[in-house]
Amino acid sequence: MASSTRSAKLADRIKVVVAETLKTRIKDPRLGFVTIADTRITGDLREATVFYTVFGDEEDRAATAAALESAKGILRSEVGRQTGVKFTPTLAFILDAIPEGAKQIDDLLAKAAAEDARVREIAQGKDFAGEADPYRAPKSLDDEDEEDEAAEAEPAASAESVAPAEHDAEKKAAAEEKAEAEGEDER
């Protein structure tokens, strides 16, 4: 097994050699506007798969596939001569499906954009079913400070409603307990 870097370098070199050979040496009239998109090679460097795209219709694609199949021997010998590997890999040509996939994705995106425009048109001038913002806004620190101040003010107000004599007596008792506790701690 060859290392992955070696096989990647060989695949790139095969891609360049095949593209240059198609451009300079192959004079088949059936060969259309072909682009070598990618090349992949097996781990043992025995088989190379060449992915290509063709500009044109289905007839042009079929003619180019036939031209590549007939030129496979010349292309393989040129790959062997220019790469210098011990065993020249066999070549398999596969029409790349990326352009069709890209066209399908473009069609789906256009359909989604049209549907969004239709929904936007329907929603224009309409109001929300509930509140405009159905989510509760998080409380900020300023809001919490105001609530704390309000909570502190309420017990003071209720304590003042108790008779002043009772309130003073409660304060005095709490202060005496505190003083006794501090006195015991000091001993």
Side-chain angles (χ1 to χ4, degrees), residues 1-140:
M1 291 296 249
S3 70
S4 61
T5 55
R6 181 175 180 212
S7 60
K9 285 180 182 179
L10 183 59
D12 286 342
R13 183 68 187 141
I14 290 171
K15 177 181 171 182
V16 170
V17 169
V18 169
E20 287 176 354
T21 306
L22 285 173
K23 182 179 172 184
T24 58
R25 289 192 55 197
I26 307 297
K27 302 296 181 196
D28 194 335
R30 298 176 294 175
L31 195 62
F33 292 109
V34 65
T35 302
I36 304 300
D38 193 19
T39 303
R40 297 199 183 136
I41 193 161
T42 58
D44 61 356
L45 307 179
R46 298 277 181 160
E47 298 173 10
T49 305
V50 180
F51 294 92
Y52 68 95
T53 60
V54 179
F55 182 74
D57 58 359
E58 200 62 39
E59 186 179 313
D60 293 334
R61 291 185 188 119
T64 300
L68 288 173
E69 201 60 38
S70 68
K72 191 183 282 189
I74 296 169
L75 293 170
R76 184 173 181 219
S77 65
E78 193 64 28
V79 165
R81 190 177 66 73
Q82 289 192 25
T83 57
V85 291
K86 184 176 181 179
F87 180 81
T88 303
T90 59
L91 300 177
F93 292 96
I94 296 179
L95 183 64
D96 200 0
I98 289 176
E100 288 81 21
K103 183 178 178 342
Q104 182 181 9
I105 290 172
D106 285 342
D107 292 344
L108 290 173
L109 288 174
K111 184 178 177 183
E115 185 65 21
D116 285 347
R118 187 183 71 79
V119 168
R120 200 174 309 115
E121 185 179 301
I122 291 172
Q124 195 171 24
K126 306 288 182 182
D127 290 335
F128 292 103
E131 296 177 21
D133 185 14
Y135 302 103
R136 292 185 181 171
K139 293 181 180 180
S140 67

Enumerate donor-acceptor pairs with a distance under 3.5 Å from any side-chain N or O in residues 109-120 to protein atoms, sequence neighbours excluded.
{"residue": "E115", "atom": "OE1", "partner": "R118", "partner atom": "NE", "Å": "3.4"}
{"residue": "E115", "atom": "OE2", "partner": "R118", "partner atom": "NE", "Å": "3.3"}
{"residue": "E115", "atom": "OE2", "partner": "R118", "partner atom": "NH2", "Å": "2.6"}

Could you measure the distance from the OG1 atom of T21 to the CD1 atom of I14? Nearest 0.5 Å is fine. 11.5 Å
Contact list for residues 85-97, test side chain to side chain donor-acceptor pair (under 3.5 Å), sequence neighbours left out: none
Output all residues satisfying salt bridge (Lys or Arg N to Asp or Glu O under 4.0 Å) with R61, sequence neighbours left out; order by chain, then residue number. E58, E100
What is the distance from atom CG of L91 to atom CD1 of I41, rounded to the nearest 0.5 Å? 9.0 Å
Distance from Y52 atom OH to T35 atom OG1, nearest 0.5 Å? 12.0 Å
Residues passing the side-chain hydrogen bond (donor to acceptor under 3.5 Å, both in side chains) test with E59, sequence neighbours excluded, are none
Can you confirm whether L45 sits close enough to R6 that some side-chain heavy atom of one is under 4.5 Å from a side-chain heavy atom of the other? yes
Return each pair, listed once, that meets salt bridge (Lys or Arg N to Asp or Glu O under 4.0 Å) where at least one residue sits in residues 69-78; pairs must be two or more places apart or across chains. R25-E78, E69-K72, E78-R81
Set of side-chain hydrogen bond (donor to acceptor under 3.5 Å, both in side chains) partners for T24, sequence neighbours left out: none
For F33, does the CZ atom sit with more than 12 other heavy atoms under 6.0 Å from it, leaving out its own atoms? no
Can you give me the closest heavy-atom contact between P89 and A48, atom names plus distance? CB-N, 4.1 Å
When rounded to the nearest 0.5 angstrom, what is the spacing between NZ in K15 and CD in E20? 12.0 Å
The criterion is side chain to side chain contact (heavy atoms under 4.5 Å, CB included); which residues satisfy it with R30, sequence neighbours excluded? D28, A63, A66, A67, S70
Salt bridge (Lys or Arg N to Asp or Glu O under 4.0 Å) partners for D12, two or more places apart: none
Going by heavy atoms in the side chains, are T83 and L10 under 4.5 Å from each other? yes
Atom CD of residue position Q104 - does it have more than 12 heavy atoms of other residues, nucleotides or ligands inside 6.0 Å? no
All side chain to side chain contact (heavy atoms under 4.5 Å, CB included) counterparts of S77, not counting sequence neighbours: none
Can you list everything that forms a salt bridge (Lys or Arg N to Asp or Glu O under 4.0 Å) with K103? Sequence neighbours excluded, please. D107
Applied to residues 45-57, the salt bridge (Lys or Arg N to Asp or Glu O under 4.0 Å) test, sequence neighbours excluded, yields none
L22 meets the side chain to side chain contact (heavy atoms under 4.5 Å, CB included) criterion, sequence neighbours left out, with V18, I26, L31, V34, I36, L68, L75
